J.: 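Below you will find the structure I want to go over with you.
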2 protein chains.
Amino acid sequence: MADALTDDDVDRLFHALADATRRDILSRTMRADQSITALSRGYDMSFAAVQKHVTVLADAGLVSKERRGRERLVRAVPARVRRARELLSRYESLWRERAAGIEAILAADDSVRGTARST
Amino acid sequence: MADALTDDDVDRLFHALADATRRDILSRTMRADQSITALSRGYDMSFAAVQKHVTVLADAGLVSKERRGRERLVRAVPARVRRARELLSRYESLWRERAAGIEAILAADDSVRGTARST
DNA sequence: CTAATATTCAACCAAATGGTTGTATATGAC
DNA sequence: GTCATATACAACCATTTGGTTGAATATTAG
């Protein structure tokens, strides 16, 4: 994916994942494309509620809706999930860089102290 | 980390990440522990607002607050970020499993067709 | 053409959210 | 001991969210 994600894009992405129903919809559509009606059978809420969740996922780019006659098939967009995962990996990188910085300082310190001790 | 995350834990985790200010706080505290006052200098909002964001991150387990005299140092919890990343990796795995299933079916289909053609 | 099915969206409601202001408490500096 | 600084939290407000109900539209089946 060529385009960078804006802060709003990322807001939507993680917001879409911040709900158990939406995560379940994502799981199911990762396994197989499904219509909204088929999806809604799996949840104890109104059709409109499931429809809203699908819309949130679509706005976040995590799924797309493809028309098949009167049905819309909800199709997962794995590339977007990978994108979210990459964002999190970057936060982890920040930590590793910080840890690496600390080790470098300690290594320098040990060298100085080693020299001092050999006196 | 030994404990599994509940759906509510995961809700909080991704909800905490669904805001640009909180993601920035996470970035900064990944690089260095900081007091809330120090953090709040970087945002154009009231101290209480930043305080609230830090609380959301803490409730999600992404940071901890460690007391240093009158200050609280906000410390990132990289293990939690890794956890969120692992959750996303699992969704990606679902897709790969699906793709692998499709390839297996196609391979079997090709074998049958190959045999038929050799007649 | 009509009926059934699938989907979209508006309007509504209660709860949650993000930000502000102000008060209270705890700790450190002097 | 007082003052300054740092933090926590309540109360408030506007907006957003998650769910419901109902009406409208599009497509398929008969």
Side-chain angles (χ1 to χ4, degrees), chain A residues 6-29 32-77, chain B residues 6-29 32-77:
Chain A
T6 66
D7 272 339
D8 284 348
D9 290 332
V10 183
D11 285 358
R12 280 190 283 276
L13 196 42
F14 287 118
H15 174 74
L17 293 164
D19 182 273
T21 301
R22 291 199 286 277
R23 290 195 297 276
D24 195 72
I25 290 171
L26 185 58
S27 296
R28 291 181 185 210
T29 53
D33 296 354
Q34 297 194 43
S35 69
I36 302 176
T37 301
L39 281 171
S40 73
R41 286 192 210 107
Y43 304 104
D44 186 20
M45 62 177 69
S46 69
F47 175 89
V50 176
Q51 225 265 344
K52 273 194 170 189
H53 282 303
V54 173
T55 300
V56 171
L57 286 165
D59 286 350
L62 286 162
V63 302
S64 65
K65 300 192 223 175
E66 332 238 305
R67 203 162 186 170
R68 293 289 189 275
R70 66 189 174 194
E71 281 188 344
R72 298 300 168 90
L73 283 189
V74 182
R75 161 169 267 258
V77 179
Chain B
T6 67
D7 272 341
D8 284 349
D9 290 332
V10 182
D11 286 358
R12 279 190 283 278
L13 195 43
F14 286 117
H15 174 75
L17 293 165
D19 182 272
T21 301
R22 292 199 287 275
R23 292 195 296 275
D24 195 73
I25 291 171
L26 184 59
S27 295
R28 292 183 185 208
T29 53
D33 296 354
Q34 295 196 43
S35 69
I36 303 177
T37 300
L39 281 170
S40 72
R41 285 191 212 109
Y43 305 103
D44 187 20
M45 61 178 71
S46 69
F47 174 89
V50 176
Q51 228 261 344
K52 268 193 172 190
H53 282 303
V54 172
T55 299
V56 172
L57 287 164
D59 287 349
L62 286 162
V63 302
S64 66
K65 300 191 222 176
E66 332 237 305
R67 204 165 187 168
R68 292 287 188 278
R70 66 189 175 191
E71 282 187 344
R72 298 299 168 90
L73 283 189
V74 182
R75 163 170 266 258
V77 179

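Per chain, numbering begins at 1; letters A, B, ... match sequence-line order. Keep in mind that this is a model prediction, so the values were computed, not measured.
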J.: Could you check whether any side-chain heavy atom of A/Leu62 comes within less than 4.5 Å of a side-chain heavy atom of A/Leu57, counting everything from C-beta outward?
T.: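 A/Leu62 reaches A/Leu57 side chain to side chain.
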J.: Tell me, please, which residues at least two apart from B/Arg75 pass side chain to side chain donor-acceptor pair (under 3.5 Å).
T.: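 With sequence neighbours excluded, B/Arg75 shows a side chain to side chain donor-acceptor pair (under 3.5 Å) to B/Asp33, given in chain and number order.
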J.: Closer than 4.0 Å, any side-chain N/O of B/His15 to the OP1 or OP2 of C/dG18?
T.: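 Yes, such a contact exists.
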J.: Of the candidate nucleotides C/dT20, C/dT17, D/dT7, which contains the atom at the shortest distance from the side chain of B/Ala48?
T.: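 Of the candidates, C/dT20 comes closest.
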J.: Side-chain contact test, heavy atoms from C-beta onward, threshold under 4.5 Å: evaluate it for A/Thr21 versus A/Val50 and give yes or no.
T.: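 They are not in contact (no side-chain heavy atoms under 4.5 Å apart), so the answer is no.
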J.: Would you indicate which nucleotide in C/dG19, D/dA6, D/dT20 comes nearest to any side-chain atom of B/Met45?
T.: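 The answer is C/dG19, which lies nearest to the side chain.
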J.: How long is the line joining CD of B/Glu71 and P of C/dT27, in whole Å?
T.: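 Rounded to the whole Å, the gap is 13 Å.
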J.: Rounded off to whole Å, could you give me the CG-to-C1' distance for the A/Asp11 and D/dT17 pair?
T.: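 Answer to the nearest Å: 15 Å.
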J.: Which part of the nucleic acid does B/Arg68 contact within heavy-atom distance under 4.0 Å: base, sugar-phosphate only, or nothing?
T.: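 Since no nucleic acid heavy atom lies under 4.0 Å of B/Arg68, the category is nothing.
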J.: Give the rounded distance in Å between these two atoms: CG of A/Asp59 and C1' of C/dC9.
T.: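 One finds 14 Å between C1' of C/dC9 and CG of A/Asp59, rounded.
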J.: In whole angstrom, what separates B/Arg70's CZ from D/dA4's C1'?
T.: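 My rounded result for the distance is 7 Å.
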J.: Kindly compute the distance separating NE2 (A/His53) from CZ (A/Arg22), expressed to the nearest 0.5 Å.
T.: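 Between A/His53 NE2 and A/Arg22 CZ, I get 6.0 Å after rounding to 0.5 Å.
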J.: Could you give the CZ-to-P distance, from A/Arg72 to D/dA26, as a whole number of Å?
T.: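 Interatomic distance, CZ of A/Arg72 to P of D/dA26: 11 Å.
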J.: Between B/Leu39 (CG) and D/dA6 (P), how many Å, whole number?
T.: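 One finds 13 Å between P of D/dA6 and CG of B/Leu39, rounded.
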J.: What is the distance, rounded to the nearest whole Å, between atom CZ of A/Arg41 and atom C1' of C/dT5?
T.: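 Between C1' of C/dT5 and CZ of A/Arg41: 11 Å.
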J.: Look at all strands and tell whether A/Arg67 reaches a base, only sugar-phosphate, or nothing, counting heavy atoms closer than 4.0 Å.
T.: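 Answer is sugar-phosphate: A/Arg67 comes under 4.0 Å of backbone atoms only.
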J.: Taking the nucleotide of DNA chain D with the closest heavy atom to each, which residue, A/His53 or B/Phe47, is nearer the 5' end?
T.: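 Between the two, 5'-proximity favours B/Phe47.
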J.: Tell me, please, which residues at least two apart from A/Ser35 pass side-chain contact (heavy atoms from CB on, under 4.5 Å).
T.: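 Testing A/Ser35 for side-chain contact (heavy atoms from CB on, under 4.5 Å), a comparison that skips the adjacent residues, returns A/Thr37, A/Ala38, A/Glu71, A/Leu73.
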J.: Hey, which sits more toward the 5' end of DNA chain D by its nearest nucleotide, A/Gly69 or A/Val56?
T.: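 Closer to the 5' end of DNA chain D: A/Val56.
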J.: Take atom CG of A/Asp19 and atom P of D/dT16, then tell me their distance rounded to the nearest Å.
T.: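 To the nearest whole Å, that distance equals 18 Å.
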J.: With a 4.0 Å cut-off on heavy atoms, is B/Ser35 in touch with a base, just the backbone sugar-phosphate, or nothing at all?
T.: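 Sugar-phosphate only.
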